[in-house]
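The figures here come from the full heavy-atom set of this structure, side chains too, leaving out hydrogens, waters and symmetry mates. In the text below, chain A, chain B and the rest are named by the order of the sequence lines, each starting its count at 1. None of the values given here were measured: they were computed from a predicted structure.
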Protein chains: 2
Amino acid sequence: MRFMSSAADQDRVAGMLKGAGLRPTRQRMALGALLFGGGDRHLTAEMLHLEAIQSRIPVSLATVYNTLRQFTEAGLLREVAIEGSKTYFDTNISDHHHFYFERDGVLMDIEHDGVSLLSLPKPPDGMEISRVDVLVRLVAKNPNETR
Amino acid sequence: MRFMSSAADQDRVAGMLKGAGLRPTRQRMALGALLFGGGDRHLTAEMLHLEAIQSRIPVSLATVYNTLRQFTEAGLLREVAIEGSKTYFDTNISDHHHFYFERDGVLMDIEHDGVSLLSLPKPPDGMEISRVDVLVRLVAKNPNETR
DNA sequence: CTGTGTGCAAACTCTTTGCATAAGT
DNA sequence: ACTTATGCAAAGAGTTTGCACACAG
């Protein structure tokens, strides 16, 4: 159950924060527990704020934004490139790609083994590749369309 | 020279607009000439607005936004997924991918032959792939780093 | 104690919208 | 003429920031 952060979770989150040079404050610990307590997650600031409130963790939206930013700069999170206004953060920092459900704006990691391998193009002149993002956009097959 | 739209350009743009069910008004013709007059382009609403003003085409930023939106819905443009606030539009509608220069926020098409081929993962349950976006992020090789 | 973190509200940026005027067919 | 597009300014969404108070070490 995600709303209950175990002692082990707490220690782990505290360690992550310390390692990143961030003081383990109430809010950061609580948000860290939500973020890193379960599997890989993809959320926006608003989603996380809502979860925090529902988990009875009093935290302001501004602090959620600031915290997500700090975590990202510390390398604990990764921003996902989606067009549109909202910024998504991914708790999975490893090199991986995403499915994107266009209808409901949900992101999902692509399994690392089912992974898309690609032959990269050569970067121009004095440039080098820092990262490759792959977004596989999904739409529902029309269920009415029996064919 | 891009600022001079030839008669041929005008006819072509007019045709594109009509084909999309959009009336060929001054502003749409002018913006269309800027967008589709040269090679493939990647711009934000602000960039296009600036260009229009510089080309002595009086058009409001709101109209630029509306026009870009309409063109996109008509299939004349394509939105590019970049994280962050600004929305980029691409005049190249074909299936292709992008280099992204992180330092200056510039987009560039990846040549279709140098193209990155990838073995796609199988989409979940009742889903099907609508499009795959690949963004290759580039940073400058450190010139000081002689090694 | 001393300094960093947090909350709140205000500021900011990018984008969309409402309404009166102008332009297209 | 009749309808659709445009311009302007105001409204909206998402995100950031400044400052006083609270908390961690």
Nearest to side-chain heavy atoms of Thr67(A), which nucleotide of dC8(D), dA5(D), dT6(C)
dT6(C)

Is Thr87(A) touching bases, backbone alone, or none of the nucleic acid, heavy atoms closer than 4.0 Å?
sugar-phosphate

Please determine if Arg78(A) and Glu83(B) form a salt bridge, counting it only when a charged side-chain N lies under 4.0 Å from a carboxylate O.
no

Interatomic distance where NZ belongs to Lys86(A) and P belongs to dC14(C) [whole Å]:
19 Å

Can you say whether the rings of His42(B) and His96(B) are parallel (under 30°), tilted (30 to 60°) or perpendicular (over 60°)?
tilted

Would Thr67(B) and Gln27(B) satisfy side-chain hydrogen bond (donor to acceptor under 3.5 Å, both in side chains), going step by step from the backbone distance to the final call?
CA-CA 9 Å; Thr67(B) 302; Gln27(B) 292 81 341; over 6 Å; no

To the nearest angstrom, the CD1-C1' distance between Ile57(A) and dT6(C) comes to 15 Å

Met29(B) atom CE is separated from dA5(D) atom C1', nearest whole Å, by 15 Å

Thr63(B) side chain near dT6(D) phosphate (N/O to OP1/OP2, under 4.0 Å):
no

Strictly below 4.0 Å: does Ser85(B) bring a side-chain N or O up to OP1 or OP2 of dT15(D)?
no

Look at the side-chain N and O atoms of Arg26(A) and state whether any lies under 4.0 Å from the OP1 or OP2 oxygen of dT6(C).
no

Report yes if the side chains of Met108(B) and Leu138(B) come closer than 4.5 Å at any heavy-atom pair, otherwise no.
no

Looking only at heavy atoms, which two atoms of Ala81(B) and Asp133(B) are closest? And how far apart?
CB-OD2, 4.3 Å

For a stem of at least 3 consecutive Watson-Crick or G-U pairs with distances under 3.5 Å, i pairing with j, i+1 with j-1 and so on, which stems involve DNA chain D?
C:1-25 with D:1-25

If you take all heavy atoms of Phe99(A) and Lys122(B), which pair is closest and at what distance?
CZ-O, 3.7 Å

Nucleotide dT6(C), atom P - distance to NE2 of His49(A) in whole Å:
13 Å

Between dT16(D) and Arg69(A), is there an OP1 or OP2 to side-chain N/O distance shorter than 4.0 Å?
yes

Gln27(A) side chain N/O closer than 4.0 Å to the phosphate oxygens (OP1, OP2) of dG7(C)?
yes

Closest to the Arg23(B) side chain: dG14(D), dT3(D), dA9(C)?
dT3(D)

Shortest non-hydrogen contact from Ala52(A) toward Leu31(A)
CB-CD2, 4.0 Å

Which nucleotide in the set dC14(C), dT16(C), dT6(D) lies at the smallest distance from any side-chain heavy atom of Thr25(B)?
dT6(D)

Heavy atoms only: give me the nearest Asp125(B)-Lys141(A) pair and the separation to one decimal.
O-NZ, 4.4 Å

Could you state the CG-C1' distance from Leu48(A) to dT15(D), rounded to the nearest angstrom?
15 Å

Between C1' of dT4(C) and NZ of Lys18(A), the distance in whole Å:
16 Å

Roughly, in whole Å, what's the span from CZ in Arg28(A) to C1' in dT4(C)?
8 Å

For dT15(C), does OP1 or OP2 lie under 4.0 Å from any side-chain N or O of Tyr65(B)?
yes

Length of the CG-P vector between Leu17(A) and dT4(C), whole Å:
17 Å

